[in-house]
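In what follows, a structure is listed as structure tokens, so that the remarks can point back to it.
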There are 2 protein chains.
Amino acid sequence: MENNALLELDNQLCFALYACAREVTKLYRPFLDELGITYTQYVTLLALWEKDEVPVKELGRRLYLDSGTLTPLLKKLESMKLLRRDRDPQDERSVIVRLTDDGRALKERAAVIPERVFCQTSLSPEEIASLRGQLQQLTADVHTRSCEGSRD
Amino acid sequence: MENNALLELDNQLCFALYACAREVTKLYRPFLDELGITYTQYVTLLALWEKDEVPVKELGRRLYLDSGTLTPLLKKLESMKLLRRDRDPQDERSVIVRLTDDGRALKERAAVIPERVFCQTSLSPEEIASLRGQLQQLTADVHTRSCEGSRD
DNA sequence: CACAATTAAATTGCATACAATTTATGTGGT
DNA sequence: ACCACATAAATTGTATGCAATTTAATTGTG
């Protein structure tokens, strides 16, 4: 069968995604180091700055992460005094995540990060928006199909 | 400062990438399970099926991975008899990775995977190629800038 | 030739990811 | 009330990622 083009690394959308996501994430390192947080902690905070007081379950749906990843991550952020985790009195199975004052305050310092990172790429705002849209579409598409029949 | 649109999760290209890469990777699970390999092992094999007998360093450049990730991964693949790792007699610092017969044979079984995965998306081949191209461009762009002055 | 600087892997330590299982809690039907 | 089933976190185990350090080998220079 010779050289199967279908199996070439540079023909794989999955590898382009995998490599690109990691390289772009690395751009955030220097800025996040200043705040003392990791990239995953950063996106978790982004979600919370947008909507606070949410159950772990909902946060997981938003971030596409499960409790196996979120539980230790949220405990870490709690130990850093950026948020609190309390059982929901209405439903003791659920844990509600709430930002502390420190957690909310960090938003001010994070506000400049997106611009700083954009400046390190040659993409125009339009190109960024377009690419982002395509990725969101694909993510939703893939996620929906892998949850066929599920409700999450 | 109210609702800062710049910090909204859905406005972040980085999060779109991060989420999409993980969701797409999950599509490979069932197929890779049949081969008994993980996703990272799969892309490593893709690189080796394309070009065998390469130093770890070169493989790392190709995959955007460093020895901290590759060393244990390659040892695992070696323990699975899919490849061998030998010091380069010309330069004992370097380790050359070579597929075994088993490793080469696995390519046949992997050949159907890309098509199978594509079928689970609603993207046309043209859309896939376009998206892939944009991601490769961005990856190269970002990587080049973060290596400013470096030679790798 | 000596030796400082480089370089390639390996190692160490920390933080994810995620499947699978477990634990605790809630819910619906009888 | 009882209980099978469902649900949310937490836990467990494995495999990454990656920065930083260490070890071994090579190279450039005087």
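Each chain gets a letter, A, B and so on, in the order the sequences are listed, and its residues count up from 1. All heavy atoms count here, side chains included; hydrogens, waters and symmetry mates do not. If you're wondering where the values come from, they're calculated on a predicted model, not measured in any experiment.
- Going from atom CG of A:Leu73 over to atom P of D:dT11 covers 15 Å, rounded to whole Å.
- B:Glu58 places its CD atom 16 Å from the C1' atom of C:dT7, with the value rounded to the nearest Å.
- With hydrogens and angles ignored, no donor-acceptor pair under 3.5 angstrom links the side chain of B:Ser67 to the base of C:dA8.
- Nearest-nucleotide positions on DNA chain C for B:Val95 and A:Leu65 put B:Val95 closer to the 5' end.
- Between A:Tyr64 and C:dA17 there is no side-chain polar atom (N or O) within less than 4.0 angstrom of OP1 or OP2.
- Rounded to a whole Å, the CZ atom of B:Arg62 is 18 Å from the P atom of C:dA8.
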Filtered N/O pairs between nucleotides 21-25 of chain D and protein, under 3.5 Å:
none

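- Residues forming a side chain to side chain donor-acceptor pair (under 3.5 Å) with A:Lys51 (at least two apart in sequence, or on another chain): A:Glu58.
- In this structure, the CG atom of B:Leu63 is 16 Å from the C1' atom of D:dA15, given to the nearest Å.
- In terms of position along DNA chain D, the nucleotide closest to A:Gly68 lies nearer the 5' end than the nucleotide closest to the other residue of the pair B:Gly68 and A:Gly68.
- In terms of the salt bridge (charged side-chain N to carboxylate O under 4.0 Å, His left out) criterion, residue partners of B:Arg85 (sequence neighbours excluded) are, by chain and number, B:Glu78.
- For the residue pair B:Ser130 and B:Gln134, a side-chain donor N or O sits within less than 3.5 Å of a side-chain acceptor on the partner.
- Residues that satisfy the salt bridge (charged side-chain N to carboxylate O under 4.0 Å, His left out) test with A:Asp52, not counting sequence neighbours, are A:Arg104.
- Residue B:Asp66 contributes atom CG, which lies 15 Å from atom C1' of C:dT7 at whole-angstrom precision.
- Using a 4.5 Å heavy-atom threshold, the side chains of A:Lys76 and A:Leu73 count as separate.
- A:Val54 and A:Val56 fall within a single hydrophobic cluster, where Ile, Leu, Val, Met, Phe, Trp and Tyr are joined by side-chain heavy atoms under 4.5 Å apart, directly or via other members.
- Stem analysis of DNA chain C (at least three stacked-register Watson-Crick or G-U pairs, each with both distances under 3.5 Å) gives C:1-30 with D:1-30.
- Atom NZ in A:Lys57 sits about 19 Å away from atom P in C:dA24, given to the nearest Å.
- In this structure B:Asp102 satisfies the side chain to side chain donor-acceptor pair (under 3.5 Å) test with no other residue, sequence neighbours excluded.
- Within residues 76-87 of chain B, the residues having any heavy atom under 4.0 Å from DNA chain D are, by residue number, B:Lys76.
- The distance between atom CG of A:Leu70 and atom C1' of C:dT16, rounded to the nearest whole Å, is 11 Å.
- For the pair A:Thr71 and D:dA10, the criterion of a side-chain N or O lying under 4.0 Å from OP1 or OP2 is met.
- In the hydrophobic clustering of ILVMFWY residues, with side-chain heavy atoms under 4.5 Å counting as a link, A:Leu99 and A:Leu59 come out together.
- The shortest side-chain heavy-atom distance between B:Leu9 and A:Leu63 falls under the 4.5 Å cut-off.
- Contacts of A:Pro55 with the nucleic acid, taken as non-hydrogen atoms under 4.0 Å apart, involve only primed sugar atoms and P, OP1 or OP2.
- Atom-to-atom, CG of B:Asp88 to C1' of C:dA9 comes out at 13 Å; the value is rounded to the nearest Å.
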For residues 25-37 of chain A, run the donor-acceptor check on the side chains, cut-off 3.5 Å, and write out each pair with its distance to 0.1 Å, sequence neighbours left out.
from    : atom 1 : to      : atom 2 : distance (Å)
A:Thr25 : OG1    : A:Ala21 : O      : 2.7
A:Lys26 : NZ     : A:Glu23 : OE2    : 3.1

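- Counting only residues at least two apart or on different chains, no ring-ring contact (aromatic ring centres under 6.0 Å, His included) pair has a member in residues 69-126 of chain B.
- Taking every heavy atom of residues 22-46 of chain A and every atom of DNA chain C, pairs under 4.0 Å involve A:Thr38, A:Thr40, A:Gln41, by number.
- Side-chain N/O atoms of A:Lys75 include one lying less than 4.0 angstrom from OP1 or OP2 on D:dT11.
- For the pair B:Val24 and A:Tyr18, the minimum side-chain heavy-atom distance is 4.5 Å or more.
- Qualifying side chain to side chain donor-acceptor pair (under 3.5 Å) partners for A:Ser79, counting only residues two or more places apart in sequence or in other chains: none.
- Residues satisfying the side chain to side chain donor-acceptor pair (under 3.5 Å) test with A:Gln136, not counting sequence neighbours, are none.
- Shortest non-hydrogen contact noted between B:Arg62 and A:Phe15 is O-CZ, 3.5 Å.
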